[in-house]
Amino acid sequence: MNILVILNNGFEELEATGTIDILLRAGYKVTIVAETSTIVSKHDITYSNLKLIDEISFIDYDLLFLPGGGYIPSQKTNEAIKFFYENNKYLAAICSGPTYFGKLGFLRNKNYVCFPALNTDFGGNFIDDYVIYDKPFFTARSVAASFALPFKIVLELSGKTALNNLLKQMEYLDSDILN
């Protein structure tokens, strides 16, 4: 599984790094890109030496992940979302990230969750939970879902055995995750 992560200035650190770390632990290949080689997160942490979005091809990836934050998606980010959606690839986002799918009209007739205060009528069903999977979308509520989102991705894309192995590796004790 090849996963593409797009970071924009203002992204939420835990939503990005927590999810990325868990997906890497699960054995997925994760590529992190941005429009510039240096960006600044929501809490003013500078990330540098990033791979540029123009250096990759969306076709090489199976899932696009967007962390939330106080940013407005760039034109390149919107192009990526549209490409993944139109090519039946998986899309995952957390907090404000799912609203980017909704604003493009892709959550019509879908179950989803996002940060509740940001929910508007996207034409789908807002579900008050931490993580919702409605193919091809994995959507997550807030920074509090930074573990639940990647766990759900692993469960749905690699199965219960893979998730159990990951949970054991991480010494994660909450048995409710598989219910």
Side-chain angles (χ1 to χ4, degrees), residues 3-24 26 28 30 32-35 39-47 50 53 61 63-85 89-157 163 170 172 174 176-177 179:
I3 298 174
L4 178 63
V5 178
I6 300 176
L7 300 181
N8 287 288
N9 283 318
F11 76 92
E12 181 78 44
E13 299 88 348
L14 181 57
E15 293 172 2
T17 57
T19 301
I20 291 165
D21 179 85
I22 292 171
L23 294 173
L24 287 167
Y28 298 145
V30 177
I32 304 165
V33 299
E35 285 193 43
I39 61 172
V40 179
S41 68
K42 179 178 181 177
H43 296 108
D44 295 322
I45 299 171
T46 300
Y47 292 75
L50 295 168
I53 195 168
Y61 300 92
L63 183 145
L64 171 64
F65 168 61
L66 302 174
Y71 66 89
I72 297 171
S74 68
Q75 179 182 347
K76 291 280 185 181
T77 300
N78 282 334
E79 287 173 14
I81 295 168
K82 289 176 186 174
F83 180 88
F84 276 72
Y85 182 77
K89 293 174 177 269
Y90 296 101
L91 295 111
I94 189 168
C95 198
S96 64
T99 68
Y100 311 146
F101 305 152
K103 289 175 183 177
L104 291 170
F106 297 147
L107 293 179
R108 284 189 191 102
N109 302 314
K110 291 289 185 181
N111 294 317
Y112 70 92
V113 65
C114 63
F115 192 77
L118 299 176
N119 184 43
T120 61
D121 184 7
F122 297 123
N125 297 315
F126 177 86
I127 306 294
D128 192 15
D129 205 346
Y130 276 113
V131 178
I132 300 297
Y133 173 58
D134 193 348
K135 192 173 182 179
F137 297 103
F138 292 90
T139 56
R141 180 185 192 94
S142 66
V143 68
S146 295
F147 274 48
L149 175 62
F151 288 161
K152 185 68 167 176
I153 291 169
V154 172
L155 176 64
E156 295 297 332
L157 302 185
L163 179 59
M170 292 178 63
Y172 193 86
D174 186 355
D176 291 340
I177 198 76
N179 296 332

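Any value given below was found using the heavy atoms of this structure, including those in side chains, with hydrogens, waters and symmetry copies removed. When a residue number appears, it is its place in the shown sequence, counting from 1.
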Decide yes or no for L157 and Y28: does some side-chain heavy atom of the first lie under 4.5 Å from some side-chain heavy atom of the second? yes
Got I39 and N8 here, is their nearest side-chain heavy-atom distance under 4.5 Å? no
Working to the nearest 0.5 angstrom, can you tell me the gap between N119 CG and D128 CG? 10.0 Å
Heavy-atom donor-acceptor pair, N9 side chain to V40 backbone, under 3.5 Å: yes
Taken to the nearest 0.5 Å, the spacing of E12 CD from T19 OG1 works out to 10.5 Å
Quick one: do T99 and F115 satisfy side-chain contact (heavy atoms from CB on, under 4.5 Å)? Show the steps, please. CA-CA 9 Å; T99 68; F115 192 77; over 6 Å; no
Could you measure the distance from the CG atom of L107 to the OH atom of Y85? Nearest 0.5 Å is fine. 8.5 Å
Work out which heavy atom in G105 is nearest to a heavy atom in R108; give both atom names and the distance. O-NH1, 3.2 Å
Flag the pair F151 / Y172 as yes when their ring centroid distance falls below 6.0 Å, and as no otherwise. yes
Between the side chain of T139 and the main-chain N/O of V113, is any donor-acceptor distance below 3.5 Å? yes
Identify the heavy atoms of I22 and M170 that sit nearest to each other, and give their distance. CG1-CE, 3.8 Å
Output the distance between atom CD1 (I153) and atom CD1 (I3), rounded to the nearest 0.5 Å. 6.0 Å
Decide yes or no for P116 and F126: does some side-chain heavy atom of the first lie under 4.5 Å from some side-chain heavy atom of the second? yes
I'd like to know if the side chain of K89 reaches the main chain of I81, judged simply by a donor and an acceptor atom lying under 3.5 Å from each other, with no hydrogens or angles considered. no
Could you check if a side-chain atom of F106 sits within less than 4.5 angstrom of a side-chain atom of K82, using non-hydrogen atoms only? yes
Looking at I6 and P67, what are the two nearest heavy atoms and their distance? O-CD, 3.6 Å
Flag, side chain of E15 to backbone of C95, donor-acceptor distance under 3.5 Å: no
Over 12 foreign heavy atoms within 6.0 Å of OH, Y130: no
Check T120 against Y112 and note the closest heavy-atom contact, atom names and distance. O-OH, 3.5 Å
Below 4.5 Å, heavy atoms only, C-beta onward: do F101 and F84 meet side chain to side chain? no
Straight-line distance of L149 CG to S142 OG, nearest 0.5 Å: 11.0 Å
To the nearest 0.5 Å, atom CG of L155 lies from atom CG of L163 at 5.5 Å
Near I45 CD1, under 6.0 Å, is it more than 12 heavy atoms from other residues, nucleotides or ligands? yes
